[in-house]
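Proteins come first, then strands; the chains are lettered A, B, ... in the order of their sequence lines, and each starts at number 1.
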2 protein chains.
Amino acid sequence: MSSRPTIKEVSKIAGVSFKTVSRVLNNEKHVSEETRRRVEEVVARLNFRPSHAARTLAGRKSFQVGLLYDNPSPYYIYHVQTGAQQRCTELGYRLLLQPIDSQSPDLVSNVLALIDETHLDGLILSPPVTEATALLDELDRRGLPYARIAPGIRQDAGMSTAMDDVAAAREMTAHLIGLGHRRIAMIRGLESHASSADRLAGYKAELEAHGIAFDPALVVAAENDFASGAAAARELLALKDRPTAIFAGNDDMAAGALAVAHESDIDVPGQLSIAGFDDSDLARAVWPPLTTIRQPVHELAAAAAELILSGTAPQPRVTLEHKLMIRASTGPVSR
Amino acid sequence: MSSRPTIKEVSKIAGVSFKTVSRVLNNEKHVSEETRRRVEEVVARLNFRPSHAARTLAGRKSFQVGLLYDNPSPYYIYHVQTGAQQRCTELGYRLLLQPIDSQSPDLVSNVLALIDETHLDGLILSPPVTEATALLDELDRRGLPYARIAPGIRQDAGMSTAMDDVAAAREMTAHLIGLGHRRIAMIRGLESHASSADRLAGYKAELEAHGIAFDPALVVAAENDFASGAAAARELLALKDRPTAIFAGNDDMAAGALAVAHESDIDVPGQLSIAGFDDSDLARAVWPPLTTIRQPVHELAAAAAELILSGTAPQPRVTLEHKLMIRASTGPVSR
DNA sequence: GCCTTATTTGACAGCGCTGGCAGAGCGCAA
DNA sequence: TTGCGCTCTGCCAGCGCTGTCAAATAAGGC
């Protein structure tokens, strides 16, 4: 194995002290242009890469940020990852992706272990890890910077990025009402995800704004996945007074509802409109493609990374825009 | 920020030299039972976690493995990640997830930078990074252990895990032939993915085994995603002598074909059978659910991690089983 | 009981880098 | 001319561990 060059070898060839090389690598000032050029030339020629471990050990920064997640949706995770990773890379940091069980009693100690072992400079929390109060308290106590994506609690504390779930759910509900629907059902997602409650609240608020009575029988709980969405839809469609539209708390559950409609030979959107939430790849892969809310997951994650890394954040709370995506799964109510 | 304890503080409290603590942490022998217990007790009490950076710098191992990927499918990536991560964690290693552009001219230098910076102990390559010969050469030159998942080239060199794409495609083709289909089309995936060619080869071989003439007009290239799969299906369905079945190289493309069938009011499987490959979540989320091949992605990644980490691998090449999943998207040919 | 060998522990250097500080060289005001 | 402040550079300690080697102790053989 060809042993990698060290900062000392670089300095020897460049004819300077190794501290000067360190200065060049860290872009410190007080290095003459000429010296800098010379060092950089040698660095490039030797293909020198500073040891991350040594920098971490000697300095007080590790240039590493952790991303904690515990979300079963591959699509969501993928976009959170790429969004955060992209911005971290741009800012010269490495992102450590860390799946974790947010329900585990060892959550706090597991995360602290990660922090201590890797000397993390900051942490990005995605739902539902965002709601682990014991963890938040401990991070605050340590003074470790962290940003939360779509937190459901303590929204005014610390750094966070979010979209307006209530407003988005209102928009979707308004869209359905505008199509003539009056019996609009909701499949709500997991209690542990704060956005589920917000989406339900938006749905209720918009019904009320239009003078449509809220009917608890039209709200069924599910677990954010296809199968439970399908089960919920079956329940709804067995109702005597069937809904003419179903608004699901995410696309997976909407896809489940859509499959049930197909299997029951119910035409979508002719006899039943179905709407989702998230605009995941799935929304465009099913037939008919789902009307849904585009959630800017990638951007939310990138913004969270930026909050942590760009030092003094102007505003600790960033809200990003969603967008109603109208596709073929919703249509005018039939009479 | 509460400063983390170091090995020296542990040793002071336990009343031993700090080297002895190091021995306990690394599970070395030649430590008396009593000493070990005492040290472990202090470690637990102080919640001591050894600094990863210091271990890496002082020792010759970093206990880190990299996973390189460049695949646009969230499902695939997600399962590769979780499979590899799980096994790495079990074996006491950290997994560094590294998305990378496999087509970039800087691929090799980017990967070498990663290796040098983080002192990686090994590397897992997933398709299509598996085919980057310049990278493989450089890794060989350095003697860095690496394992490839589903490599398309140099299959007998180095460590790798794979499934039998040819056999799987034959099984699927045989399934369709068994249903009475004779005009079976194939939507083939990206050239850069070796498995695409294998799946095509299996399809051809099975046709031949049944004495069915291969018709090049029935093979259309696409790019592994929904949109290109839909386009390919449109092309196939516009043929004068339409196929009665379409076998797509992955589930995304099959979903695209399925959407085209819906949009053209072609009943699936009544008038057209559609089959996919991978058994991603998508296969169960569309209607009708896709007949497909279950690819053991999670297990392939876990096995790759194990090959690298378990030292002397008994067999450097691991083949895992696939499974034909028959669902509702394929049925007997109509006459 | 004395020597040999195995087991258990400690002392110390050093991994590759950053932080702190001192020193050299220079320009400029007094 | 002296002194002050600036820019640039080098020296050295030390981050928290592991590797190496030697020393101390226990165990076994005759």
Going by side-chain contact (heavy atoms from CB on, under 4.5 Å), A:Arg148 matches just one of A:Met159, A:Arg317, A:Gln155, A:Arg154. Which one? A:Arg154

Listing request: all salt bridge (charged side-chain N to carboxylate O under 4.0 Å, His left out) pairs with a residue in residues 58-85 of chain A, at least two apart in sequence or in separate chains. none

Do the side chain of A:Asn26 and the main chain of A:Glu28 share a donor and acceptor less than 3.5 angstrom apart? no

When rounded to the nearest 0.5 angstrom, what is the spacing between CG in B:Leu97 and CD in B:Gln85? 5.5 Å

Rounded to the nearest 0.5 Å, what separates atom CG in B:Asp121 from atom CG in B:Leu309? 8.0 Å

Checking A:Ser102 side chain against A:Val129 main chain: does a donor-acceptor pair fall under 3.5 Å? no

OP1, OP2 of D:dT18 versus side-chain N and O of B:Ser22: anything below 4.0 Å? yes

Would a distance-only check, ignoring hydrogens and angles, find a side-chain to backbone donor-acceptor pair under 3.5 Å from B:Glu131 to B:Ile153? yes

How long is the straight-line distance from CD of B:Gln295 back to CG of B:Leu300, given to the nearest 0.5 Å? 6.5 Å

Footprint ends on DNA chain C, 5' to 3', for atoms under 4.0 angstrom from a heavy atom of chain B, come out as C:dT7 to C:dG16

Closest approach of B:Asp101 to B:Leu107 (non-hydrogen atoms, all atoms of both residues): O-CD1, 3.8 Å

Ordered by number, residues from residues 43-66 of chain A within less than 4.0 Å of DNA chain D (heavy atoms) are A:Leu57, A:Ala58

How far does CZ of A:Arg4 sit from CD of B:Glu117, to the nearest 0.5 angstrom? 8.5 Å

Heavy atom of residues 31-42 of chain B under 4.0 Å from DNA chain C: which residues? B:Val31, B:Ser32, B:Thr35

From CD (B:Gln86) to OG1 (B:Thr82), nearest 0.5 Å: 7.0 Å

Kindly give the heavy-atom pair with the smallest separation between A:His119 and B:Ser51, and that separation in Å. NE2-OG, 2.8 Å

For nucleotides 21-26 of chain D, which of its nitrogen or oxygen atoms have a protein nitrogen or oxygen under 3.5 Å away, and what is each distance?
none

Taking the axis from the first five pairs and the axis from the last five, what angle separates them in the helix from C:dG1-D:dC30 to C:dA30-D:dT1, rounded to 10 degrees? 50°

Quick one: B:Glu28 CD to D:dG19 C1', roughly how many Å, whole number? 9 Å

B:Ala194 versus B:Gly152, closest heavy-atom pair with distance: CB-CA, 2.9 Å

CD (B:Glu90) and CD (B:Glu306) are apart, to the nearest 0.5 Å, by 8.0 Å

Rounded to the nearest Å, what distance is computed from the NZ atom of residue A:Lys19 to the P atom of nucleotide D:dG10? 12 Å

Please report whether the ring centroid of B:His79 lies less than 6.0 Å from that of B:Tyr75. no

